[in-house]
Amino acid sequence: MEKNFEPKKEAEIYKRWVDNGLFKPKSDKGIKTGESFSIIMPPPNITGQLHIGHALNNTMQDVLTRYNRMQGKNCLWVPGTDHASIATEVKIIEALKKEGLTKEKLGRDEFLKRAWAWNDKFGGRIKTQLKSLGCSCDWDRCAFTMDEPRQKAVLKVFKQLYDEGLIYRGNKIINWCPCCKTALSDAEVDHVDESGFLWHIRYPYADGNGYLVVATTRPETLFGDVCVAVNPEDKRYADKIGKMVILPTVNKEIPVVSDSYVEKDFGTGAVKITPAHDPNDYEVGKRHNLSPICVMNDDGTMNELAGVYNGLTREDCRKKLIEDLKKANLIEKIEPYTISKGHCYRCHTVVEPMISKQWFMDMNEMAKVALKAVDSGELKIIPNRVEKIYRNWLINIKDWCISRQLWWGHRIPAYYCDDCGNTMVSENNVTKCNKCGSNHIHQEEDVLDTWFSSALWPFSTLGYPEKTKDLEDFFPTTTLVTAQDIIFFWVARMVMLSTKIMGKVPFKNVLINGIVRDDEGKKMSKSSNNGVDPIEIIDKYGADSLRFSLLLGNGTCNDFRFSETKILEDRKFINKVWNAGKFLELCISQTEGELNFEKTDLNVFDKWIYSKLDAAISDVVKFMNQLDINMAVSRIYNFVWDEFCDNYVELTKPYVYSENKEERRHAVAILKDVYINILKLLHPIIPFITEDIYSNFASGFLMEQSYATSVGKFKQEKKLVDKIISTIKKIREIRLIYNVVPSKKLTLIANANDKPSVTKAELVLSKMVNIEKVIYVKPAEETIDFVTEIGELGLLKSEVIDKEKEKEKLTKELEAVDKEIEVLKVRLDNPNFMTKAPKNLIDELKARFEYLSNSKKAIEAKLK
RNA sequence: GGAAGUUUAGCUCAGUUGGUAGAGUCCCUGCCUUACAAGCAGGUUGUCAUAGGUUCGAGUCCUAUAACUUCCACCA
C-alpha cells in the first residue's frame, strides 16, 4: 500500500460519473423532486484558456451544486462558453498578423470560418479544463453564445425590443476605438490617469484687438472647434460674448458663447468647444445650435478638415501643431497636467469620442426594474456592499450602444432598402422591401455587443424562445457565482433583460468571488507573468488539492493570496483524510462479521463523536445555506482533523484493538459510519478522492448519496468526554514537564465520589497516558495533585519526582489562575455588571470562579 | 472629485447577534507510539492601525485620522 495519497484516478472517476448520468437533474430521470436548484455558469471567453480565477469561480459553483444535489434537490448546472466578440476578434487579428494577413484581406466569410475554427479549438480546450477540475455540470446542455438556439434568442429579443421602441438607431457621440475600428459602450472604456499638458492657446479676436486664451488638453481637435465658451457669470469675458475669434491655422471665425458648463476657475475660463470629439462639448454645441465637425478618420488619423495635417495620426498632429503654434507665437503657456484618458478594454488603445450612427438600447425603464429587484430583496448580492455598486451604476445609466463594427458576433437583424431607405427588423432573412417592394435589400453590417447575448444567458441557456420544461423547472435560477468586475457588463444587464423578457429576476443570489492574487498580493495576470496555471497544478497535485486550497482560508468575497506553497500546505489535509481511510481499511480487514451497530450499544466515546458530528453538520448546513463556503470548509477541517482524527480515533483505539470480538466489531462499525459521514461532508469540496475512498467501503457512488447525518447528540456524554480529554491533556503535560518516559506506568489517585466518571475513562487513560491503575484512597506517600474538570486527581510522587520542576510548574499555574480570578472578580464585584449582564453569563462566571478557587487552594497546598 | 474594502501572533488569514483573542505556518521541546514524520504530544508569540465616544463590558457599534487596495466620475 502506498504511504501517502497520490492523485491519479481523477479522469477515470470523472468519466464514470458522466457515463452514469450523475450530472443530470433528477427530473431528467423521471424522479419527482421538490425543490430545484440551478446555476448557470458564467461562460468563459473562448479567447484562450482558463486561469486560476476561473478555477475558483467554478469550484465554488461545483461545491454548491454537489452539496445541494446531496441534499436531495433537483440540481442543474448549465455550462457554456462565450464567443466574446471583440476580445476574440482582437486575438484572431493578432494571429492573422503573424501570417501577414489582415481581416480585410481575408474577407468577412473567410474570417468567420477562422473564428469558428478558433472556437472549436479554444472552446474545446476550456471544456476539457472544466472537466479536469471536476465540474459536475450537465454537458448535454452545454451552450455557446453563438450557437443556433442562442442566435434564435438574440434575434427574438432584438426584434421585440425594436418593435417596442427600446432599440433604436441614431447619431450620437460614442467611444470609438481607432485600433479595433468599432464603437464601444461606456462600460468598455477603462480610464487611466496619465501625465500630460494643459496647452494655453491664443485665439485672436476677429476685430484685431488682442486674443482670447483657451486651455486644452487636446489641441489637435482644434480643427473641429465650433465656438469658444465662457461662463455667463465670468466678468473677465462679459464683454466678449458674441464676438468672433479666429481659429488658429484654420483661419475660420467662430463665436464666443456663454454656457454655464464652463467653470470660471479652471484653466483660463475659456473653453474651446469641439462637439464631434468630446461628450460635454457635444452637449454644449447642441445647446448653441452648432453642428459638430468631425476631423478624424476611423483609424485615428486626421482627415481633410485638418488641412496640412491631413493623414497624420492624432499624436503626430498634436506635435506638429504645437510646433507650428509656437512658431506663430500662439502658445501662451504649457502647464503639466494629469489627465484621465479612456482606453479600449481589449486593445488598450486610447479611445476617441466620435459622432457616429449606431444602435442603442433605451435602458431607462429596465434600470428602474433592476433597482427594484435589489431594493425589494428579491435579488440578494453577497457581499451586501456590492449592491451599492450595482445601484449606483443603474441610477446613472445611459443608453447602451449595442452595435459594433466587428465581424465576429451576432449580426444585427436589420435590413435596409437601397431604393427607399426603409429599415426593417426581422428574425428571418429579408429579401423584399415591405414598403416599396424593391428587391435591393442589404443587411446591417454591424454585429451586437458581445454582452447582448450574455444578457440573455439565464434564459437562453434554458431553451428560450421555446417554452421548455427546463425554463419551467429551473428559471429563475438559484445562485449566480461571478466576479465583481463584470457586475455592470453582465449581472445588471441579465437582471434587466430577464425582467423585461421573462418578467422575472433571473437568480435569487449573486455570490461574488474574490480576485486571486499571487503570494505578494499582486493581481495575477499574463502581463505580470505571475499567473498560476490551474492545469499545471492539477497535473501536479490533483484537482482536489487545487479546489481545497482555493477555498480554505479564502474569506467570503475577499481577494486572497494563492501560491504553490499554499497548495503544499493545504494538501496535507487531504492526505490526512486519505490516511484515516487507510486506517479504517486496516481495521476492517482485521475484523470479522457484519459491521452493524445498534444505537443502544453506543459507549460514551461513540456518543461523544456523534454529538460532535451532529454539531459539525448543523454548522456546515448553516454556512452552506448562507453561501459561506469558506466557513463550511474550515468547520469540516476542524471536525475531521481535531475531533475525529486526533481525539476520537485515539479514544476508540482501545476498543478497536480489543480482545473482545464483539466490542471490536462494534467499534469498527462506528468508526466506519463516522468516517463515511466525513466523506459525505467533504465530497462537494474534494469530490475525487472522497469518491475513490468511498468505493473501498461501499458500493454505488458517493456523489449520489444523501448528505451527512448523525445518529444524534448526547449532552451528558459529550460533557464527560470533554472532561476526560482535558484530563488526558493535563496528565500528558505533567509527564512532559517531569520528563516521564512514555513507557513508565503511573498510578492515578482519585476521589471516591468521582469513581463513576473515572471508571469510564480508565481504559483510555491506560492506553493514552499509560495509567496502570486507579486508586480511590489517599496513599501514605507524597503525591502530585492537580484539579481537572473530572475532579481532584493525583499522581504518586515517587513515580514522577523532581521537586524543582514541580515547584516551577505550580508557580506558573498559580499565576495563571490568579490572573483569571482577578479578572473574574472585577466583573463579579461590579454591581452594574451584576444587575445588567444576562443571568446565564453570571452563573457561568460564578461556576468558573468556584472551580478556579478550588484549583488555587489545591495548588497553594502543594506549594507549602 | 465621489464610493467601497483592508489594517488582528514573525508570515497567510478566521473571528457570524458586543461577553477575559483563534487556526495554519514559522520557531522551541519530546517522540520514526502498529493510519499518517505531508505525522503525534506539548510550548512561546498579540498596545486586535491610531485617537476619541457609546456601554457594566468593544476586535466587534459610532466619530475622526493614517496607510494600502479597488471601483466609479465629462471638469476643458
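By convention in this document, chain letters (A, B, ...) are assigned in the order of the sequence lines, proteins followed by strands, and residues within each chain are numbered from 1.
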Distance from [X] atom [atom1] to [Y] atom [atom2], nearest 0.5 Å?
{"X": "A/Leu584", "Y": "A/Ile676", "atom1": "CG", "atom2": "CD1", "answer": "7.5 Å"}
{"X": "A/Lys819", "Y": "A/Leu824", "atom1": "NZ", "atom2": "CG", "answer": "12.5 Å"}
{"X": "A/Asp234", "Y": "A/Lys240", "atom1": "CG", "atom2": "NZ", "answer": "11.5 Å"}
{"X": "A/Ile842", "Y": "A/Thr835", "atom1": "CD1", "atom2": "OG1", "answer": "8.0 Å"}
{"X": "A/Ile629", "Y": "A/Ser634", "atom1": "CD1", "atom2": "OG", "answer": "12.0 Å"}

Whole angstrom value for the distance that separates [atom2] of [N] from [atom1] of [X]:
{"X": "A/Leu651", "N": "B/A41", "atom1": "CG", "atom2": "C1'", "result": "14 Å"}
{"X": "A/Glu650", "N": "B/C31", "atom1": "CD", "atom2": "P", "result": "19 Å"}
{"X": "A/Phe562", "N": "B/C13", "atom1": "CZ", "atom2": "P", "result": "13 Å"}
{"X": "A/Asn770", "N": "B/C31", "atom1": "CG", "atom2": "P", "result": "16 Å"}
{"X": "A/Ile728", "N": "B/U33", "atom1": "CD1", "atom2": "P", "result": "20 Å"}
{"X": "A/Asp843", "N": "B/G19", "atom1": "CG", "atom2": "C1'", "result": "14 Å"}
{"X": "A/Asn579", "N": "B/A37", "atom1": "CG", "atom2": "P", "result": "7 Å"}
{"X": "A/Glu569", "N": "B/C26", "atom1": "CD", "atom2": "P", "result": "7 Å"}

### Message
Among A/Arg287, A/Lys286, A/Lys264, exactly one meets salt bridge (Lys or Arg N to Asp or Glu O under 4.0 Å) together with A/Asp259. Which residue is that?
### Response
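Going through A/Arg287, A/Lys286, A/Lys264 one by one, the salt bridge (Lys or Arg N to Asp or Glu O under 4.0 Å) with A/Asp259 is satisfied by A/Arg287 alone.
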Please classify the nucleic acid contact of [X] as base, sugar-phosphate, or nothing, using heavy-atom distances under 4.0 Å.
{"X": "A/Val386", "value": "nothing"}
{"X": "A/Trp641", "value": "sugar-phosphate"}
{"X": "A/Glu283", "value": "nothing"}
{"X": "A/Lys825", "value": "nothing"}
{"X": "A/Cys587", "value": "nothing"}
{"X": "A/Pro838", "value": "base"}
{"X": "A/Tyr657", "value": "sugar-phosphate"}
{"X": "A/Lys566", "value": "nothing"}
{"X": "A/Lys388", "value": "sugar-phosphate"}

If the [atom1] atom of [N] is compared with that of [M], how far apart are they to the nearest Å?
{"N": "B/U16", "M": "B/G5", "atom1": "P", "result": "15 Å"}
{"N": "B/G18", "M": "B/C75", "atom1": "C1'", "result": "46 Å"}
{"N": "B/G15", "M": "B/G52", "atom1": "C1'", "result": "25 Å"}
{"N": "B/A41", "M": "B/G24", "atom1": "P", "result": "11 Å"}
{"N": "B/U44", "M": "B/G22", "atom1": "P", "result": "13 Å"}
{"N": "B/C62", "M": "B/U6", "atom1": "P", "result": "12 Å"}
{"N": "B/U7", "M": "B/U12", "atom1": "P", "result": "12 Å"}

Could you let me know what [N] is paired to, Watson-Crick or G-U wobble, both distances under 3.5 Å, or none if it's on its own?
{"N": "B/U63", "answer": "B/A51"}
{"N": "B/A23", "answer": "B/U12"}
{"N": "B/G1", "answer": "B/C72"}
{"N": "B/G42", "answer": "B/C28"}
{"N": "B/A35", "answer": "none"}

### Message
Under 6.0 Å between ring centres: does that hold for A/Tyr345 and A/Phe489?
### Response
yes
#### Entry: Within the 6.0 Å centroid threshold, strictly below: A/Phe266 and A/Tyr337
yes
Under-4.0 Å side-chain N/O to phosphate OP1/OP2 contact, [X] with [N]:
{"X": "A/Lys839", "N": "B/G19", "value": "no"}
{"X": "A/Lys653", "N": "B/A35", "value": "yes"}
{"X": "A/Arg561", "N": "B/U12", "value": "yes"}

### Query
Is a side-chain donor or acceptor of A/Asp225 paired with a backbone partner of A/Cys227 at a separation under 3.5 angstrom?
no
#### Entry: 5' priority, RNA chain B, between A/Lys729 and A/Gln626 [closest heavy atom]
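The answer here is A/Gln626.
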### Whether A/Phe488 and A/Trp393 hold their rings parallel, tilted or perpendicular, with breakpoints at 30° and 60°
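Judged by the thresholds at 30° and 60°, the geometry between A/Phe488 and A/Trp393 is parallel.
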### Message
Regarding B/C36, can its base be found pairing with the side chain of A/Lys576 as donor and acceptor, where the two atoms are less than 3.5 Å apart?
### Response
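Donor-acceptor pair under 3.5 Å: yes.
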For nucleotides 69-76 of chain B, which of its nitrogen or oxygen atoms have a protein nitrogen or oxygen under 3.5 Å away, and what is each distance?
{"from": "B/C74", "atom 1": "O2'", "to": "A/Asn280", "atom 2": "ND2", "distance (Å)": "3.2"}
{"from": "B/C74", "atom 1": "N1", "to": "A/Asn280", "atom 2": "OD1", "distance (Å)": "3.3"}
{"from": "B/C74", "atom 1": "N1", "to": "A/Asn280", "atom 2": "ND2", "distance (Å)": "3.4"}
{"from": "B/C74", "atom 1": "O2", "to": "A/Asn280", "atom 2": "OD1", "distance (Å)": "3.0"}
{"from": "B/C74", "atom 1": "O2", "to": "A/Asn280", "atom 2": "ND2", "distance (Å)": "3.0"}
{"from": "B/C75", "atom 1": "O2", "to": "A/Glu263", "atom 2": "OE2", "distance (Å)": "2.9"}
{"from": "B/C75", "atom 1": "N3", "to": "A/Glu263", "atom 2": "OE1", "distance (Å)": "2.9"}
{"from": "B/C75", "atom 1": "N3", "to": "A/Glu263", "atom 2": "OE2", "distance (Å)": "3.0"}
{"from": "B/A76", "atom 1": "OP2", "to": "A/Tyr337", "atom 2": "OH", "distance (Å)": "2.4"}
{"from": "B/A76", "atom 1": "O2'", "to": "A/Ala215", "atom 2": "O", "distance (Å)": "3.2"}
{"from": "B/A76", "atom 1": "N6", "to": "A/Glu263", "atom 2": "O", "distance (Å)": "2.7"}
{"from": "B/A76", "atom 1": "N6", "to": "A/Phe266", "atom 2": "O", "distance (Å)": "2.7"}
{"from": "B/A76", "atom 1": "N1", "to": "A/Glu263", "atom 2": "N", "distance (Å)": "3.2"}

